[in-house]
Each structure stands twice: as structure tokens, then as C-alpha cells.
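Naming convention: chains lettered A, B, ... in sequence-line order (proteins, then strands); numbering from 1 in each chain. Bear in mind the structure is a predicted one, so any value in this text is a computation, not a measurement.
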4 protein chains.
Amino acid sequence: MNIETQQLQDLNAKNLSTHKSQFDFLTQTLSNSDVDVDQVIKKLADFQVAIPSWALGAGGTRFGRFSYGGEPASLEQKIEDIGLIHKLTQTAGAISLHIPWDVPEDYNAIKELAALNKIKFDAVNSNTFQDQKNQKETYKYGSLSNTSAAVREQAIAHNKEVVEIGNKLGSKSLTVWLADGASFPGQNNFQTALTHTQNSLISIYEDMPADWKMFIEYKPYEPYFYSTVIQDWGTSLMLANGCGERAYTLVDLGHHLPNTNIEQIVSILMLKGKLGGFHFNDSKYGDDDITVGSIKPYALFLIFNELVYGMQNNPQNPELGWMIDASHNLKDPLEDLIQSLEAIQEAYAKALLIDQEALRAAQENNDVTLCQEILQTAYRTDVRPLVQEARLKTGGALNPIAAYRDLGVRDALIKTRGKNTVATGL
Amino acid sequence: MNIETQQLQDLNAKNLSTHKSQFDFLTQTLSNSDVDVDQVIKKLADFQVAIPSWALGAGGTRFGRFSYGGEPASLEQKIEDIGLIHKLTQTAGAISLHIPWDVPEDYNAIKELAALNKIKFDAVNSNTFQDQKNQKETYKYGSLSNTSAAVREQAIAHNKEVVEIGNKLGSKSLTVWLADGASFPGQNNFQTALTHTQNSLISIYEDMPADWKMFIEYKPYEPYFYSTVIQDWGTSLMLANGCGERAYTLVDLGHHLPNTNIEQIVSILMLKGKLGGFHFNDSKYGDDDITVGSIKPYALFLIFNELVYGMQNNPQNPELGWMIDASHNLKDPLEDLIQSLEAIQEAYAKALLIDQEALRAAQENNDVTLCQEILQTAYRTDVRPLVQEARLKTGGALNPIAAYRDLGVRDALIKTRGKNTVATGL
Amino acid sequence: MNIETQQLQDLNAKNLSTHKSQFDFLTQTLSNSDVDVDQVIKKLADFQVAIPSWALGAGGTRFGRFSYGGEPASLEQKIEDIGLIHKLTQTAGAISLHIPWDVPEDYNAIKELAALNKIKFDAVNSNTFQDQKNQKETYKYGSLSNTSAAVREQAIAHNKEVVEIGNKLGSKSLTVWLADGASFPGQNNFQTALTHTQNSLISIYEDMPADWKMFIEYKPYEPYFYSTVIQDWGTSLMLANGCGERAYTLVDLGHHLPNTNIEQIVSILMLKGKLGGFHFNDSKYGDDDITVGSIKPYALFLIFNELVYGMQNNPQNPELGWMIDASHNLKDPLEDLIQSLEAIQEAYAKALLIDQEALRAAQENNDVTLCQEILQTAYRTDVRPLVQEARLKTGGALNPIAAYRDLGVRDALIKTRGKNTVATGL
Amino acid sequence: MNIETQQLQDLNAKNLSTHKSQFDFLTQTLSNSDVDVDQVIKKLADFQVAIPSWALGAGGTRFGRFSYGGEPASLEQKIEDIGLIHKLTQTAGAISLHIPWDVPEDYNAIKELAALNKIKFDAVNSNTFQDQKNQKETYKYGSLSNTSAAVREQAIAHNKEVVEIGNKLGSKSLTVWLADGASFPGQNNFQTALTHTQNSLISIYEDMPADWKMFIEYKPYEPYFYSTVIQDWGTSLMLANGCGERAYTLVDLGHHLPNTNIEQIVSILMLKGKLGGFHFNDSKYGDDDITVGSIKPYALFLIFNELVYGMQNNPQNPELGWMIDASHNLKDPLEDLIQSLEAIQEAYAKALLIDQEALRAAQENNDVTLCQEILQTAYRTDVRPLVQEARLKTGGALNPIAAYRDLGVRDALIKTRGKNTVATGL
């Protein structure tokens with residue numbers, strides 16, 4: 001399945017005049033408020049989010065899984081899927097691989113295929129939360145934190161191998177999501193587990209190429225139900241500091257206790273120069289990994305406010321790695337990802353409209369009413385014309401979901417791949 | 001302090017052409033989607049929210065309170081304050097009294113003052129969670145649920161008196177927020193407490209005039225810290241059913257455990273014809289009572305979606321009583337209320353834009369992607385021009401916060417009332 | 001694998017004198033406080049908890065599953081496993097089947113096997129949250145609440161078939177856990193979904209034999225992530241009332257939002273005569289289904305306080321169906337269940353020690369300090385000698401976990417069944 | 001009011017033989033499990049918890065306050081109250097002052113009074129979350145983090161003064177609970193607020209005597225409702241590290257988001273040598289500050305397990321400052337504190353019974369069932385005889401609550417102080 005540029009242009013043509021009038025009207029309004037619309041469009045156009053390979057198939061829960069027809073059965077097909085999304089949205093120009101689900105057989109062929117689809121290789125992800133066939137030691141009781149040196153060595157070796165694979169593809173960072181933890185009080189010695197983890201991470205860190213970064217995720221619970229070794233950003237930062245300069249904390253939106261002020265965490269990590277990456281999703285209860293912006297779009301906007309602020313004011317922080325870590329089984333996974341990308345672009349656009357100077361002045365004056373007015377003025381703006389304009393400029397679809405359906409993408413995928421394929425991974 | 005119509009017209013004049021062009025542009029866009037804009041404007045103009053008398057002064061926390069200059073020191077001044085808000089927003093045409101904080105001395109004078117300000121008397125609120133001076137029995141261990149018959153009788157009598165006062169003013173409903181509960185396991189016998197409460201409510205209910213309604217609030221915790229007699233909507237509904245046809249459940253946004261799906265509660269209560277009233281506020285953690293829409297505006301929109309649906313499809317449910325139950329000490333209370341009113345109107349306007357027919361069809365087809373698109377299409381629309389147009393039509397301010405500041409309302413109030421007044425109540 | 005009575009007696013003999021001295025000492029202490037120890041022992045001995053067939057294999061999470069050797073591969077082996085637990089604890093005299101995982105091939109043989117193991121058939125459970133092979137309609141978008149009549153009919157028919165199967169085995173109740181819900185705002189029409197559910201339940205209810213009861217579970221979220229049709233006890237009770245007298249609410253400990261006061265729900269439902277059953281487990285975060293009493297044993301005790309109170313004071317409520325709904329993959333499932341049974345017996349024993357008369361008097365006097373003292377006096381008592389004595393009297397093991405290990409049960413099961421069996425079900 | 005030693009001995013005499021037989025029986029049982037009972041008794045006897053001066057009067061909520069007769073109206077009376085509690089429990093040998101509520105007029109007199117009551121001066125607490133009369137700058141919008149240098153200077157000066165006062169009394173540590181935060185998104189610039197806070201703390205830190213320690217509290221929300229500058233342990237640790245070696249994190253049990261694994265935080269901070277103090281209380285919902293052990297006694301035990309482990313294995317961590325930060329308005333405050341002290345001693349005693357060697361071995365073997373058995377064996381033990389023996393040895397009451405009531409303490413206090421006194425502070 002391939003989407004031709006001409007196909008998109010034809011589809012866009014139908015709505016072009018409507019778009020233009022809306023964009024022009026909005027541009028005029030924003031210009032009156034001294035917004036540099038061109039600059040906003042440019043930032044939106046430049047913004048690229050990695051798609052993880054495991055988000056392309058239908059997800060499931062512990063109670064079961066309802067599969068979706070035409071799921072990608074190989075790394076090649078996953079790249080093809082992301083290529084389709086990127087073609088439509090011009091925002092998904094990277095893939096994040098998960099090893100061992102995505103080990104390439106022919107590196108050059110994979111690199112060429114990715115290049116053809118204008119897809120870069122973002123952070124690579126290791127997996128020590130599942131046992132693979134023929135694996136010698138089990139991760140049932142942990143991996144990098146395990147009480148057994150043999151298990152830790154195996155997990156370290158796996159991470160090193162992941163770096164090696166990523167390095168061959170042009171990736172420049174390793175994401176470690178360490179699921180290790182305990183489901184019962186007393187099961188783990190917290191201090192031993194953390195010390196083992198620190199030592200294991202140092203061993204991996206020191207083996208990475210000199211231009212690589214390590215991203216350390218945190219999560220309060222699940223898959224373990226009582227404690228997680230890296231339970232919060234404080235622990236992650238402690239471990240990153242213990243590794244070295246190129247180790248960073250990675251924030252995943254879903255990995256927080258109820259009501260956590262995530263935007264504050266983002267802001268403080270950027271102040272310290274230690275925010276490495278960001279995983280997008282949304283949730284109402286636990287780590288539900290549902291479509292970005294489907295539950296709490298205002299919270300996403302507040303986070304983007306801090307991200308934009310940090311990108312403008314915190315040179316001590318590196319460029320961030322962005323990824324969608326969402327997937328759900330009730331929607332077509334590609335439609336789900338397109339909706340997530342739109343929600344991200346929308347939140348980013350709105351954050352770019354915030355009058356930072358006025359906000360700073362209102363904060364200095366403790367004019368709380370005005371602070372809120374300033375944020376909400378940006379948030380209430382309908383920024384769809386801006387996001388559409390950015391897509392238009394870069395060759396994407398004005399309305400990606402509509403285009404995806406008009407072009408019959410899913411049917412075409414089912415025709416080629418079959419109705420009962422199951423994507424590797426979660 | 002009084003705001004003259006001419007003053008508002010002069011202020012509006014400055015932004016009128018901008019507003020008109022935005023409103024016209026939006027009207028055209030919406031009309032293309034078959035939205036009946038006139039109808040939306042009419043509904044917005046008709047929508048009135050009661051202001052509780054206790055929200056006009058600065059609130060506090062258990063750690064202290066920072067007062068605000070020019071707070072209203074009497075019922076007359078409270079009505080004057082609401083009159084100001086109503087003049088600006090044309091959405092605050094009612095006051096909700098709290099007895100014993102607001103007992104009128106001269107009923108006719110109060111009624112005339114309210115009429116002058118175009119303020120109606122909404123539901124009256126009883127207070128059995130504090131002891132008043134010279135009160136015989138204490139509510140320390142509960143009121144309508146107390147183990148002592150004497151305490152229960154006193155609390156019942158108080159509620160009856162509140163109805164009497166409200167009746168003299170033209171009010172037609174009583175709101176019972178029963179704070180009774182326990183702070184420690186074992187303190188209360190749950191069954192006894194509930195049975196006492198049911199009997200007390202029946203006694204009050206049977207004493208109400210035949211055209212009155214009773215609204216029964218629920219809340220999971222606070223001011224008691226282990227259990228509340230009416231802890232959730234299920235208990236409230238049980239009690240309402242035990243009283244009779246004119247007893248209803250009242251939903252206060254802040255009175256829920258973390259992550260509760262409130263819109264579903266609203267919807268089911270309307271299906272059963274048992275939703276009586278709705279209290280607006282917002283919060284991130286507990287029952288924080290902060291400005292409506294300041295934290296979770298999308299959740300508010302989803303709730304309004306159900307309210308609009310119910311108003312259109314559930315004739316078995318009575319007209320709802322609306323009230324803002326928010327107040328905070330860091331903003332000028334009147335500005336805070338204006339922001340709340342704007343957030344309510346915005347959510348209502350967006351909910352009115354939802355294409356209900358298309359949504360129903362998408363639901364029938366299990367097209368989950370499309371369901372989300374339909375909701376978000378409405379939500380992403382910038383409805384400020386609609387809300388402004390409704391205000392313009394009814395004689396309010398295009399930009400109420402700006403007008404409030406331009407007119408120097410707070411300074412004028414401080415000049416008249418002094419800097420260190422403290423509003424009665426919370 | 002079979003445990004002989006003589007084997008247990010031999011094991012018990014080693015610790016008998018220690019037990020006797022502890023039991024005697026405790027009996028004397030309790031008798032001084034007017035506790036009827038014989039009565040307590042009798043109640044503990046009579047108390048039987050059903051084991052669900054799916055708890056006998058290792059559970060998993062959405063991130064994977066680590067299997068346990070010797071898992072039961074058939075209904076026969078599941079009954080054998082429960083027989084072993086029951087032999088050791090004398091508290092697990094019932095099995096709760098899950099259809100279609102446990103459809104018997106030869107009903108008489110199964111009934112004989114159960115009788116041989118002194119196992120009764122408790123409530124049967126239907127499953128409409130997964131699709132089975134060759135199933136005509138999919139439950140992906142719901143079952144009893146589905147917008148499609150065909151899907152609802154299929155789900156109703158399945159429930160009726162489950163009743164039929166249970167009836168042949170001597171079961172007297174059906175548990176409906178309806179997973180139906182939505183993962184995204186807008187996906188479902190709440191009112192339609194509830195109305196469909198009510199009608200579907202009525203159809204099942206009316207088809208049940210006249211001596212059967214229906215238990216309706218509720219749960220706030222999972223497997224769906226935005227809303228569940230039966231989200232709380234209020235909805236469950238509404239549906240039960242809509243079905244008829246023999247329909248009841250079932251409370252599962254894990255199916256509540258954070259901080260819910262579950263003991264109050266239990267108490268109120270018993271007051272109304274509408275608590276049908278109770279599912280035990282424990283959790284720290286979500287519905288984690290971990291070992292009973294492993295996280296919040298005091299909360300369990302408080303719940304048992306209400307259950308004991310209700311059993312003594314609420315004749316309007318039927319006898320309750322008890323079941324453990326826990327399972328986890330890090331422990332031997334049978335050890336896990338034994339620990340759960342011990343925690344349940346411990347909580348029950350402590351609740352039986354509460355001086356109800358003194359508590360009632362302290363409540364009447366609002367002596368909050370004393371209320372707490374009374375509860376904690378019972379809770380702080382080491383009741384292990386009572387639980388052990390009850391087991392001893394009924395022929396169980398003094399120390400079931402130790403006996404299980406001494407007898408090498410798991411090894412024997414692995415030897416017979418193999419190391420890589422996977423139990424059917426979750 | 002004074003309690004004579006002879007009075008206690010007389011009261012104890014009545015229950016002495018019962019106690020002795022229970023203590024002997026338990027000692028024998030524990031000795032069979034190789035527990036060094038003498039050592040446990042010694043540790044319990046040595047354990048002293050500070051009482052904060054504000055916990056001696058009835059607390060309230062934002063909805064009101066019900067006062068308690070005989071509340072202490074002066075610092076002298078507060079010391080007298082703690083003296084009474086200490087006399088009864090022998091566990092409350094310290095007071096924690098709150099400035100400006102407790103500024104001594106005559107330092108020598110206060111020191112003598114404290115010495116007479118065997119009360120030491122624990123950490124002193126500053127207060128920058130309320131405005132005091134005649135205060136020049138307001139803390140309404142923050143103190144150490146305020147955007148205004150003048151406000152920050154005032155708050156810094158206050159803290160320095162608190163240290164000076166504490167120093168005169170023999171205190172050796174300052175506890176900073178910084179309430180600063182924001183109630184609305186946008187109100188604060190997170191980075192600026194944190195940077196100001198760090199600088200303010202450094203200024204205070206550098207001014208402290210060389211043998212003083214600084215304890216930095218954290219809290220996720222309240223009194224502000226959107227963000228708190230020091231929202232979690234990660235932020236507190238960051239600030240402590242920024243100050244220097246004698247700055248530490250202080251953990252208050254109630255200052256966490258729902259479900260936080262607090263014992264893990266305690267353990268990791270001790271591993272890093274950075275846990276300075278610990279505040280005890282309990283809660284079911286928010287920061288409810290209710291009696292220790294009244295809601296989650298098992299969680300308290302798990303925390304004590306880590307504290308005991310750290311005290312035995314982490315020489316890098318200093319001796320901890322212990323304080324009860326609880327108070328509630330429904331109980332006699334002194335009874336409430338006595339119940340808290342008993343709960344603390346009970347949890348400590350149980351943690352001391354854990355077989356650490358066996359636990360470590362089970363952890364190494366991943367024997368999760370056994371890990372749980374080991375913890376629960378300790379927890380299920382009725383340790384009241386141990387706690388009583390420790391009190392007996394040190395001259396306290398066998399049953400402090402009973403003694404308090406038998407001696408008519410509250411009546412005596414009311415007689416002396418009056419029925420309507422109101423304690424200074426919260």
C-alpha cells in the first residue's frame with residue numbers, strides 16, 4: 001500500500017478554499033495579537049514524533065484482545081504503516097524499535113525502506129519484562145535489579161545488544177523501561193534492588209557509543225503491583241546522575257499516580273538539563289495508553305506550555321525525543337495514531353500562542369486572574385487551521401483521518417496482509 | 001456601586017466590529033455544518049446560573065485565610081455583588097442563600113433589591129455542619145443522622161425554618177448538604193445513621209410546600225475523614241426515593257472520588273428523572289472548589305454533553321437548578337465568578353454544537369474513531385464569539401473581566417465598604 | 001495427588017502441644033472478656049469460601065505471563081487442586097466455575113469427583129468479555145449492552161446456558177460480571193447501554209430456576225478505560241431492583257475507585273437486603289487481584305465487622321456467597337490461595353471478637369476514642385490459635401503452608417502434569 | 001494538673017498480674033523463635049516521639065471547628081500537657097515548637113518547666129503560610145519562593161529568628177514546611193519559584209549553627225490546589241543537596257498522592273543518608289492528619305520495617321527526628337495523641353520482631369510466599385505486652401488511656417483552664 005502525493009493533492013483540493021479562508025481569518029486575528037504565525041507554522045512543520053513499532057497492531061488487556069485485520073506481521077510492514085501515517089500527517093517521521101520484536105534481518109534493506117518512507121530511527125527500546133524463547137535466565141523476579149548476578153548479566157547483555165542493533169540503523173539513544181519491581185510487601189529489598197539497578201545501568205551506559213544518550217523511564221506500578229524499582233522521577237534522576245551526563249529521565253504521561261502535576265516535573269527536569277524524552281498517551285484511571293488528548297487535553301496543553309518554555313529558555317537541556325506510547329484495541333491502530341498526532345500538534349500550537357511576556361508580567365504581579373486569562377486565551381483558540389496549514393506546506397493531508405478513509409487504506413492492508421495477522425509485540 | 005447600561009455599551013463599542021466579524025465568520029462556518037446558530041445563541045442567553053451568597057467573599061483553607069478588600073458584609077451587599085456580575089455577564093440571574101448566614105431582616109426590601117438587580121431566589125441552603133451561637137444542641141457528632149433525637153429534631157427544625165424563609169422570598173427548592181459522617185472507623189453505625197437520615201429527610205420533605213423540590217447532595221469525605229452518611233449518588237438516590245417524587249439528587253462536581261465518571265452519573269440520573277441540580281466548580285486533587293473550567297475543561301464539556309442530551313431527551317427529568325459552588329482566596333471573588341460563568345457558557349456552547357444525529361449513528365456502528373471526531377470537532381471550535389453574541393444581545397459586556405477592570409469595580413467596592421470587611425459564611 | 005488424613009495428623013502432631021498451650025492461654029484471656037470462644041471456633045469452622053476455577057493457574061498482566069509448573073489442564077484437575085486446598089484448610093469447600101472454560105463433559109463424573117473432595121458448586125460465572133472460537137457475534141463492543149440486538153441475544157443465550165450447566169451440577173446462583181463499557185468519550189450512549197443491559201438481565205433472570213439467585217457485579221473501569229456500564233453499586237442495585245427479588249448486588253473488593261469506603265457499601269446493601277455475594281482479593285493501586293490481606297488487612301477487618309454485624313442483625317439479607325477472586329503469577333497459585341484463606345479467617349475471627357454491645361454504647365455516647373479502642377482491641381488480638389483450632393477440629397492442617405511444602409504437593413503435581421501446562425482461563 | 005508516680009503505680013497494680021502472665025507467655029513464645037525480647041523492650045523504652053505544640057488543641061477543617069474544653073492557652077500549658085502524656089506513656093519526651101505561636105517570654109522558665117516534665121526541645125517549625133498581625137509583607141502569594149525579594153527576605157529572616165529561638169532552648173534542627181505553591185495553572189513560573197526557594201533555603205542554612213540540621217518537608221497539594229513548590233521527595237532531596245550536608249528530607253506520612261509507596265521512599269532516602277525526620281499521622285483520603293494507625297496500620301508497619309532496617313544497616317543516615325503531626329477535633333486531643341503513640345510503639349515493636357535474616361534469605365531465593373509469611377508472622381503477633389512492659393519499666397501506665405480517664409485529667413484541666421479556651425495555632 002502506498003499513498004501517492006497526487007492522491008493527497010486531489011483530496012486536499014476539495015477543501016482548500018475553505019481552509020484558506022479559515023487560515024487567513026485566523027492569521028489576521030493572531031497577527032493583531034502580535035503572534036508570528038509563520039514562525040508557529042514552521043515549528044509545527046518541524047515537529048516530528050516517533051511511532052513505536054508496537055503501536056501498529058491492536059493492543060489488549062489482561063482480559064483478552066480483539067485483533068484488527070491487516071496488522072503488520074514484520075518490521076518491513078511496520079515501517080510501511082508508519083510511512084502511511086507520515087505521508088498523511090507529515091509528523092510521524094521516526095520509528096522507535098523494540099528489541100527483540102524488531103530485529104532486522106537485512107540492515108541495509110531496512111534502512112533503505114525507512115529512507116524511502118522518510119522515517120528515521122529514534123530511540124531503541126530493550127525488553128527485559130518478558131521471557132523470550134530459549135532465554136537462559138528468567139525475568140520473572142526482575143532483570144537489571146535481580147538478586148542473581150547471572151540474570152543481571154543477561155539483562156545487561158541484552159541492552160548492549162539493543163544498542164548495537166540501534167547503532168547499525170542510525171539510532172542515537174536507548175530507552176530503558178525497567179519493569180522490575182515486586183507484587184508483595186517484603187518480596188524485594190528496596191536498597192539492594194536499587195543498587196543493583198544503578199550498577200547495571202552504569203555498565204550499559206559505559207558501553208554505549210560516545211554520541212548516544214540513555215533515557216531512563218519511571219513508573220509507579222504495573223506490571224508489578226506493590227513496588228517498582230524506578231517508581232518516580234526522583235529515582236530516575238538519581239540513577240541518571242549516577243550514570244553520567246548523557247543519561248536522562250524520560251517522562252511517560254501515563255506513568256504517574258493519580259493527580260500528579262506532570263507539567264511541574266517536566267519543568268524542573270528541564271531546569272536541571274535532565275529531561276531526555278517524552279512519551280505521549282492519555283488515560284482516565286491507570287496507565288491506560290489511550291489516544292493522546294482523548295481525556296485530558298488541557299493537561300496536555302499545560303505540559304506543552306512547559307515544554308515550549310523549556311525549549312526556549314533551557315539551553316542546558318538537550319533536544320527531546322518524542323514518542324507516542326499509546327495503542328488501543330477498539331480503533332483502527334493507524335486511525336488511533338493519527339488522532340494522537342493531531343492532538344499533539346494541537347496542544348503544541350496552542351502552547352506556541354501563549355503570550356509568554358504578558359504571562360511573566362502577570363506572574364510577577366501575582367495577577368492570578370490574568371495568568372488564567374492568558375493561558376485560556378491561547379487554549380480557546382481554534383488552531384486547526386494552523387495545524388492544517390503546516391501539513392499542507394509539507395505535503396500532507398488537510399484532513400488525515402478523512403483521507404485515510406477515502407483512500408481505503410485499511411481495506412488495502414487487509415487485502416494484502418490478510419484479516420487475521422497479529423502484530424508482534426504487545 | 002452600580003454599572004450603567006450606557007457604560008457597558010461604550011465599552012462594547014470599542015470591540016464591536018472585531019466581534020461582529022468573528023461572529024459572522026463563525027456563523028457561516030457553523031451554518032455550513034447545519035448548526036442553527038440562532039437557536040444556540042438563544043439557549044446561551046436563557047441559561048442562568050445561581051451564585052451562592054458565600055462565594056462573594058474570599059475563601060480559605062484550614063491553614064488560614066487571606067481576605068480581600070471590599071467584601072460584602074450584609075445580604076444587601078451580596079445581592080449588589082451578584083447584580084454587578086449579572087449586569088456584566090447576563091448569566092448570573094439568581095442567588096442561592098445560606099441560612100443562617102443570610103436571614104433577611106426586611107423581606108420586602110430584600111425582594112425589591114433583588115428584583116431591581118434582576119436576581120431571582122434559587123434553592124436555599126441549610127447549615128447543620130457548624131454550631132451557631134446560642135444553639136442548644138451541638139452538631140459536632142452529626143445532625144440529621146445524630147444518635148440523639150434532640151439533635152435530630154433541632155436540625156429538622158432548622159431545615160423547616162430555612163424552607164419558610166426561602167418561601168417568603170420566592171424560592172422553590174431546598175438543598176440539603178448533609179456533612180454528617182465519621183472521622184474514625186467504628187465511630188458510627190452506618191445503618192443507624194442512614195435510617196435516622198432517611199427519617200429526618202422525610203420529616204422535612206413532608207413539611208415543604210407542595211410546589212417545592214428537595215435536592216440531596218452527596219460527598220465522599222470532608223469535613224469528616226472516614227465516612228460520610230450520604231457518600232455517593234447511590235445513597236442520595238436511595239434517600240430521594242424514600243422521600244418522594246419531589247426529592248432529587250444534586251450533583252456537585254467536586255464531590256467525587258478521584259477519576260469518577262461524573263458524566264455517566266448525570267446521564268443515568270436524568271434517565272431516571274432524578275437529577276435535581278448541579279453545582280459547578282473544578283479541582284485537581286480533592287474538593288478544592290476552584291474556578292470552573294480551570295483544570296479540566298474537557299470533562300466539563302463531556303458533562304454538558306450529557307446535560308444537553310438529557311434536556312432534549314428526558315422529559316421525565318425536571319428543569320435543573322444550576323449553581324456555582326466555587327470560591328477561592330487568590331483571586332478577586334467577583335473576577336473568579338465571572339471566569340467560572342464564562343467557562344460554563346463555553347462548555348454549554350460547545351455541547352450544543354455536537355452533531356447528535358451523527359454521533360448516534362457512529363455509536364450504532366461502533367465507529368469509535370468517528371465518535372471521538374464528532375465530540376472533538378465541537379470541542380475544538382472557538383465558541384467565544386457565540387458566548388459574546390449572547391451577552392451582547394442581552395445587554396451584557398462583550399468582555400466581562402476587561403469591563404470589570406475598566407470600570408474599577410473592586411476599587412469602588414473597597415471605597416464604599418472598606419478594606420477589611422469579612423464576608424459572612426465560609 | 002492426594003493428601004491423606006493420617007499425613008496431616010502426623011504433621012500436626014509435631015506442633016500440637018505448642019498450639020494447645022497457645023490456644024488455652026488465649027481462650028482464658030478471651031473468656032475473661034466474656035468472649036464465647038466455642039462459638040467463635042464453630043463459626044470459623046463453618047465458614048467456607050469458594051475458589052474460582054481460574055485462580056488455580058498463574059495469572060498474568062497485559063505485559064506477559066510467567067507460567068507455573070503443574071497447572072491444572074482440565075476441570076478434573078481444577079477440582080483436584082481445590083480438594084487439596086480444602087483438605088489442608090477446611091475452608092475451601094466450594095468451586096466457582098467459569099463458562100465456557102469449565103464445561104463438564106461428564107456431569108455425573110464431575111459431581112462425583114467434587115463430592116469425593118467435599119467440594120460444592122457455588123455460583124457459576126458467565127463470560128461475555130472474550131470472543132470464543134466459532135462464536136458468531138463479537139463482544140468487542142459489548143455484550144448485554146450492545147447496540148446490536150443479535151449480539152445481545154447471543155450474550156443472553158450464553159448466560160442462560162451457563163445457568164443450565166450450573167443447574168445440572170447443583171449450583172444455585174449466577175454471577176454476572178458485565179465488562180461492557182467504553183474506552184473513549186462519546187463511544188457509548190450511557191442511557192441506551194443501561195437500558196439494553198437492564199432488559200438483557202431481565203431476560204436472563206426470568207429464565208432462571210425459581211430457587212436461583214442472580215449476582216450483579218460492578219466495576220469502575222477495566223477492561224474498558226473510560227466508562228463501564230455497571231460502574232458502581234448504585235447502578236448494580238438499580239439493575240437488581242429492576243430484575244426482581246432474587247437479584248442482588250455482588251461486591252468485589254478490587255472493583256472500586258481509590259479510597260472508596262467499601263465497608264459502608266456492604267453495610268447499606270445488607271440493610272436493604274440486597275448484598276448477594278462477596279469477592280475477596282487485595283490491591284494497592286488498581287484491580288490488582290493480589291493475595292487477600294497482603295496490603296490492607298485492617299480494611300478487610302473493618303469490612304468483616306460490617307459483614308458480621310449484618311449476618312447478626314439483617315435477616316432481610318440472604319446468606320452470602322463468598323469467593324476469592326485473586327490470583328497472581330509470582331507465587332505458587334495454591335500457596336497464594338492458602339494465604340488468602342488464612343487472611344480471610346483471621347479477619348473474620350477478629351471481627352467476631354468485637355464487643356458489639358460496648359461498641360454500640362460508645363457510639364451512642366459519641367465516645368470516639370472508645371469506639372476506636374474497642375475495634376483495635378479485637379484487631380490487635382493474635383487470633384492464629386483460634387483459626388488453627390478451627391482447622392484442627394475439622395481435620396485440616398495446623399499450618400497449611402508448611403504442610404503443603406512438607407508434603408511436596410507442587411512437585412507431585414509437576415510430576416503428574418508436567419512443567420509446561422497452562423491452565424485454561426485467565 | 002500533675003500525675004504522681006504513686007498514682008500510676010496504684011493503677012498499674014490492678015492489672016499487674018494479668019500483664020505479667022501475658023508478657024511471660026509472649027516472651028517464651030518469642031524466645032523460641034530466637035527473638036531477644038530484652039533488646040526489643042530496651043528499644044521500645046528508648047523510643048521518643050516529639051509532640052508538636054499545635055496538636056494539643058482541637059483541630060478543625062475549613063468548614064469550622066468544634067473546640068474542646070481545657071485547651072492549653074499558653075506555651076507553659078502546652079508543655080504541661082505533653083508532660084502529662086509523657087508521664088503516662090514515657091514515649092513523648094519532646095516538644096516541637098511552632099513559631100510565632102510559641103515564642104517564649106522567659107526562656108529560662110520555659111527550659112526549667114520542660115526539664116521538670118522531662119521534655120526536650122525537638123525541631124522548631126517556622127510558619128510562612130499565614131500572615132501575622134503587623135507583618136509587613138503578605139505571604140498570600142508565597143514566601144521563600146515569592147517573586148518579590150522583599151517577601152523572600154522577610155520569610156528568610158523569620159526562619160533565622162526561629163533558629164535563634166530554638167537555639168536558646170536547646171533545639172538542634174529546623175523543620176521547613178514550605179506551603180508555597182499555586183492554585184491555578186499559569187499562576188507560578190515553576191523554575192523561578194524553585195530557584196528562589198533554593199536560594200532562600202541556602203541563606204537560612206548558612207546561617208544555622210554548625211551543629212544544626214535542616215529538615216525540608218514536601219507535600220503534593222494543600223493549602224494550594226494546583227501545585228506546590230516542593231511537591232515530592234525528589235524536589236526536597238534536590239533542595240537539600242543544594243544546601244549542604246546537614247540538610248535533609250523530612251517525610252510526613254500524609255503528604256503523598258494516593259497509593260504512593262512511602263516505605264520505598266523511606267528506604268531509598270536512608271540508603272542515600274538523607275532522611276532527616278519523620279512525621280506520623282494517618283488518613284484515608286487527603287492529608288487528613290488523623291490518629292496514627294487508625295486507618296492503615298499495616299502500611300505503618302511496612303514503613304517501620306524500612307526504618308528499622310535503615311537504623312541497623314545505614315550508618316550514613318543520621319538519627320531521625322520523630323514527630324506526631326496529627327490532631328483531630330472529635331476526640332480529646334490528649335487521648336488522640338496517646339492512641340497515636342500506642343500505634344507507633346506497636347508498629348515499631350512488630351517491625352523489631354521481623355526475622356531479618358530469614359527475610360533476606362527468602363528474598364535472595366525469590367520465595368515470595370515465604371517473604372510474606374515472615375512479615376505477617378511478625379505483624380500478627382500481639383505485641384501489647386511488650387509495649388506495656390516497656391512502659392512499666394520506665395514508670396509509665398500499663399494502660400495510658402484508661403489511666404488518663406481514671407485520673408480525670410480532662411476534667412481537671414477544664415477546672416483550671418476553663419471550658420472555652422482555644423489553643424493557639426491550628
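More than 12 heavy atoms of other residues, nucleotides or ligands sit less than 6.0 Å from atom CD of D:E364. Atom NZ of C:K419 is surrounded by 12 or fewer heavy atoms from other residues, nucleotides or ligands within 6.0 Å.
Between chain D and the residues C:E373, C:Q22, C:E342, C:K331, the largest count of heavy-atom pairs under 4.5 Å involves C:K331. Taking chain D as the reference chain and counting heavy-atom pairs below 4.5 Å, the highest number among C:L370, C:V383, C:T377, C:L375 is found for C:T377. Between chain C and the residues D:N366, D:N261, D:D332, the largest count of heavy-atom pairs under 4.5 Å involves D:N261.
Using modelled atom types, no side-chain atom of D:Q372 and backbone atom of C:S294 make a donor-acceptor pair closer than 3.5 Å. Of the possible polar contacts, one joining the D:Q376 side chain to the C:G293 backbone as a donor-acceptor pair under 3.5 Å is found.
Going from atom CZ of C:R380 over to atom CG of D:D382 covers 9.0 Å, rounded to the nearest 0.5 Å.
Interface remark: C:Y285 contributes backbone and side-chain atoms alike to the contact with chain D (heavy atom separation under 4.5 Å). With a threshold of 4.5 angstrom between heavy atoms, C:T18 does not approach chain D through any atom at all. Only the backbone of D:I295 has a heavy atom closer than 4.5 Å to any heavy atom of chain C. Only the side chain of D:T291 has a heavy atom closer than 4.5 Å to any heavy atom of chain C. Contacts of D:S283 with chain C are absent, with no heavy-atom separation under 4.5 Å from either backbone or side chain.
Within the 4.5 Å cutoff, the side chain of C:E335 has no heavy atoms near those of the D:V368 side chain.
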- Message: Go through it in stages, so that I can follow the logic: the residues are C:T381 and D:R384, the test is side chain to side chain contact (heavy atoms under 4.5 Å, CB included), and I'd like the CA-CA distance, side-chain angles, deciding distance and then a yes or no.
- Response: CA-CA 9 Å; C:T381 306; D:R384 285 175 295 181; 3.6 Å; yes
- C:T369/D:D336 under side chain to side chain contact (heavy atoms under 4.5 Å, CB included): CA gap, chis, key distance, verdict: CA-CA 7 Å; C:T369 298; D:D336 192 83; over 6 Å; no
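Under the 4.0 Å criterion applied to side-chain N and carboxylate O atoms, D:D367 and C:R405 are assigned as salt-bridge partners.
Nearest heavy-atom pair across C:P297 and D:Y379 is CG-CE2, 4.1 Å.
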